[in-house]
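Okay, so here's the structure we're looking at.
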Amino acid sequence: MSLYWTTIDSPLGTFWATGDGTALTGLYMERPAALDGPGWIEDDTSFALVREQLAAYFAGELRRFSLPLSPVGTPFQRQVWDALLAIPYGETRSYREIAEQLGRPTASRAVGAANGRNPISVVVPCHRVIGTSGVLTGYAWGLERKRALLDLEAS
């Protein structure tokens, strides 16, 4: 099986997109070390739809991505990522709310850990998760980028 990657420019900087030829498997704001390994092929054409939808999102014209996704993670991580996909554009949820939604009300920290391992930033909107008090909390790509994404969606 071949694995593909490309770079995509955005207002937040360069993204590295990865895919398996059928679905998006990653969208990173730093170059993944795995791209230096065997089996990776740079291919801009496989990511035309990703590029198009990201441009529309950053232009304020797209509120929900419609891309085939295939993130790799544990069953719990995938449950959390599915919950993230259900958060509407322009809204936020707390780690506690997601834990309760998943029927695991004491799992806020586990939700936070899964959120932090989301391999498909922006498209799987981990930036929409905030602390229970409404405060912006950790974001793998920096609180400035998290604030920028939330501000984009608020406008």
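Numbering starts at 1 and runs along the sequence shown.
Asn115 contributes no side-chain N or O that, together with a main-chain N or O of Tyr95, makes up a donor-acceptor pair within less than 3.5 Å. At least one donor-acceptor pair under 3.5 Å links the side chain of Arg64 to the backbone N or O of Leu85. In this structure a side-chain-to-backbone donor-acceptor pair under 3.5 Å is missing from Thr6 to Ala17. Between the Trp81 side chain and the Ala114 main chain, a donor and an acceptor come within less than 3.5 Å of each other. Side chain of Arg51 to main chain of Thr7: a donor-acceptor pair is present (N/O by atom type, distance under 3.5 Å, no hydrogens or angles). Arg78 places a side-chain N or O within donor-acceptor distance of the main-chain N or O of Pro71, the cut-off being under 3.5 Å. A donor-acceptor pair under 3.5 Å is absent between the side-chain atoms of Arg63 and the main chain of Tyr89, judged by distance alone. In this structure, Lys146 contributes its side chain and Cys126 its backbone to no donor-acceptor pair below 3.5 Å. Distance alone, capped at 3.5 Å, places no donor-acceptor pair between the Trp5 side chain and the Trp16 backbone.
Annotation: side chain of Thr18 is in contact with side chain of Leu35 (closest heavy-atom distance under 4.5 Å). By the 4.5 Å heavy-atom criterion applied to side chains, Val124 and Leu27 are not counted as neighbours. Using a 4.5 Å heavy-atom cutoff, the side chains of Arg128 and Glu153 are in contact. Val72 places none of its side-chain heavy atoms less than 4.5 Å from the side chain of Thr25.
Nearest heavy atoms, Ala83 versus Leu102: CB-CD2, 4.4 Å. Between Leu12 and Met29, the shortest heavy-atom contact is CD1-CE, 4.0 Å. In terms of heavy atoms, Pro32 sits closest to Tyr28 at CG-CD1, 3.4 Å. The shortest heavy-atom contact between Ser70 and Ala23 is CB-CB, 3.7 Å. The two atoms that bring Ser10 and Phe15 nearest to each other are OG-CE1, 3.0 Å, heavy atoms only. What you find for Val111 and Val80 is that their closest heavy atoms are O-CG1, 4.1 Å.
Atom CG of Leu24 and atom CD1 of Ile120 lie 4.5 Å apart (nearest 0.5 Å). Remark: His127 NE2 to Leu84 CG distance equals 10.0 Å, nearest 0.5 Å. To the nearest 0.5 Å, atom CG of residue Leu54 and atom CG of residue Asp9 are 11.0 Å apart. Rounding to the nearest 0.5 Å gives a distance of 5.5 Å between CZ of Phe58 and CG of Leu149.
Under the 30°/60° scheme for interplanar angles, the aromatic rings of Phe65 and Tyr57 are found to be tilted.
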Side chain to side chain contact (heavy atoms under 4.5 Å, CB included) for Ile87 and Ile98? Distances and angles first, verdict last. CA-CA 10 Å; Ile87 303 171; Ile98 293 174; 4.2 Å; yes
Thr14 vs Arg31, test: side chain to side chain contact (heavy atoms under 4.5 Å, CB included). Steps then yes/no. CA-CA 9 Å; Thr14 301; Arg31 189 179 196 281; over 6 Å; no
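In this structure Arg117 satisfies the salt bridge (charged side-chain N to carboxylate O under 4.0 Å, His left out) test with no other residue, sequence neighbours excluded.
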